[in-house]
Amino acid sequence: MTGTGNGSRPPTKAGCPTEPADGNALIPTGMEELRVRVQQLSLREQIERNHFLLMRLNAANARLIQSLEQGDVFEAIAEIIANLLGSEEIAVFDYHSAEKTFSLAWSSGVEAEALQPFLCGAGMFGRAVQQGLSQFQERQQDGALLPYEKNLTACVILKSSREIVGVIAIFGLLPQKNSLEWADYELLKFLETYGAVAMKFQRLQGTQVST
């Protein structure tokens, strides 16, 4: 019987790659290039998405700052939602934490009569305040919406230093918008805090003027 020599490998067929000494299979050059290319495209997409989001947040921030000078915070919030999110049916409610009651502060595109049921603080609208978390229709369980909430897309809490000062009710989206997207949720997170700060600032201004 003929041996192959001390510690030597058996001969291989011509044209067949040998297994590396560490036991890892060889990765064809083309597959490695494809993997790197896929990673590059993924990172590029993330950068573009983040750039798009930053542009929207900067625009929203600039409009809110302008509203502090002009005293039109509600109009600013409505413009941000209309232009950057895609809804022209909006209502802003004040939340009175001591009494745990709501009052309508401002609305656009929605009949006042349709907003009256929300003042009782029930349904998805009430859960937003009770849980301290914004609520979205597409994330609600079946049967969790009250009849008058069927056209309610989102309830966005306005919270400053853990204090809920109000709620933005966003109703129907524009025809070209089927649903909320990832950037919309990030924009609404921005409004949760900075919209609340702007509202508190406007309230203080109103108090100073009246005294």
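- For the pair S87 (side chain) and G172 (backbone), a donor-acceptor distance under 3.5 Å is present.
- Between E186 and L53, the shortest heavy-atom contact is CB-CD1, 3.6 Å.
- With sequence neighbours excluded, the residues that form a side chain to side chain contact (heavy atoms under 4.5 Å, CB included) with Y185 are F136, E138, R139, L180.
- In this structure, L68 CG and Q66 CD are separated by 10.0 Å, a value rounded to the nearest 0.5 Å.
- Note on V92 and F190: same hydrophobic cluster, where clusters join Ile, Leu, Val, Met, Phe, Trp and Tyr whose side-chain heavy atoms are under 4.5 Å apart, directly or indirectly.
- At a threshold of 4.5 Å between non-hydrogen side-chain atoms, the residues F171 and I90 do not count as touching.
- A single hydrophobic cluster is seen to contain both W182 and L85, as judged by linkage of ILVMFWY side chains at heavy-atom distances under 4.5 Å, directly or through other members.
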Taking only distance into account, with no hydrogens and no angle test, what donor-acceptor pairs under 3.5 Å do side-chain atoms of residues 117-129 form with protein atoms, sequence neighbours excluded?
from, atom 1, to, atom 2, distance (Å)
R127, NE, Q140, OE1, 3.4
R127, NH2, Q140, OE1, 2.8
R127, NH2, A144, O, 3.2

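- To the nearest 0.5 Å, atoms CZ (F93) and CD1 (I157) are separated by 15.5 Å.
- Taking 4.5 Å as the limit, every side-chain heavy atom of L158 sits out of range of all side-chain heavy atoms of V167.
- Contact check for L191 versus I81: side-chain heavy atoms found under the 4.5 Å cut-off.
- Contact of the H96 side chain with the S103 side chain is registered, since non-hydrogen atoms from C-beta on lie closer than 4.5 Å.
- Panel note: side chain Q137, backbone L152; a donor-acceptor pair is recorded below 3.5 Å.
- Ring geometry for F74 versus W106: interplanar angle under 30°, hence parallel rather than tilted (30 to 60°).
- Minimum interatomic distance between G132 and I164 (heavy atoms only, all atoms of both residues): CA-CD1, 4.0 Å.
- Looking at R63 and D72, a side-chain N of the basic residue comes within less than 4.0 Å of a carboxylate O on the acidic one, giving a salt bridge.
- No side-chain heavy atom of S108 sits under 4.5 Å from any side-chain heavy atom of E89.
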Run R203 and V165 through side chain to side chain contact (heavy atoms under 4.5 Å, CB included) and show every step you take. CA-CA 11 Å; R203 287 178 185 177; V165 300; 3.9 Å; yes
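- Within the structure, side chain to side chain donor-acceptor pair (under 3.5 Å) contacts touching residues 153-169 (residues at least two apart or in different chains) are E163-K200.
- Judged by distance alone, with hydrogens and angles left aside, the side-chain atoms of E88 form no donor-acceptor pair with the main-chain N or O of G109 at under 3.5 Å.
- Looking at residues two or more places apart in sequence or on another chain, you find a side chain to side chain contact (heavy atoms under 4.5 Å, CB included) between E113 and E111.
- One finds the CZ atom of F201 at 11.0 Å from the CD1 atom of I65 (value rounded to the nearest 0.5 Å).
- The structure places OG of S67 at 7.5 Å from CD1 of I77, a figure rounded to the nearest 0.5 Å.
- Distance CG/D94 to CE/M199: 4.5 Å, rounded to 0.5 Å.
- Legend: residues meeting side chain to side chain contact (heavy atoms under 4.5 Å, CB included) with S107, ordered by chain and number and at least two apart, are A91, L104, L115.
- Under a 4.0 Å N-O distance rule, the pair E192/K189 does not qualify as a salt bridge.
- Here the OH atom belonging to Y95 is positioned 6.0 Å from the CZ atom belonging to F102, to the nearest 0.5 angstrom.
- Under the 4.5 angstrom side-chain criterion for Ile, Leu, Val, Met, Phe, Trp and Tyr, F52 has no cluster partners at all.
- The minimum heavy-atom distance between D184 and E181, with the atom names listed, is OD2-N, 2.7 Å.
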Would L64 and I80 count as a side chain to side chain contact (heavy atoms under 4.5 Å, CB included) if you check the C-alpha gap in whole Å, the side-chain angles of each, and the deciding distance to 0.1 Å? CA-CA 9 Å; L64 280 179; I80 291 169; 3.9 Å; yes
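- The neighbour count for Q176 CD, taken as heavy atoms of other residues, nucleotides or ligands under 6.0 Å away, is above 12.
- A donor-acceptor contact shorter than 3.5 Å is absent between the side chain of N61 and the backbone of L57.
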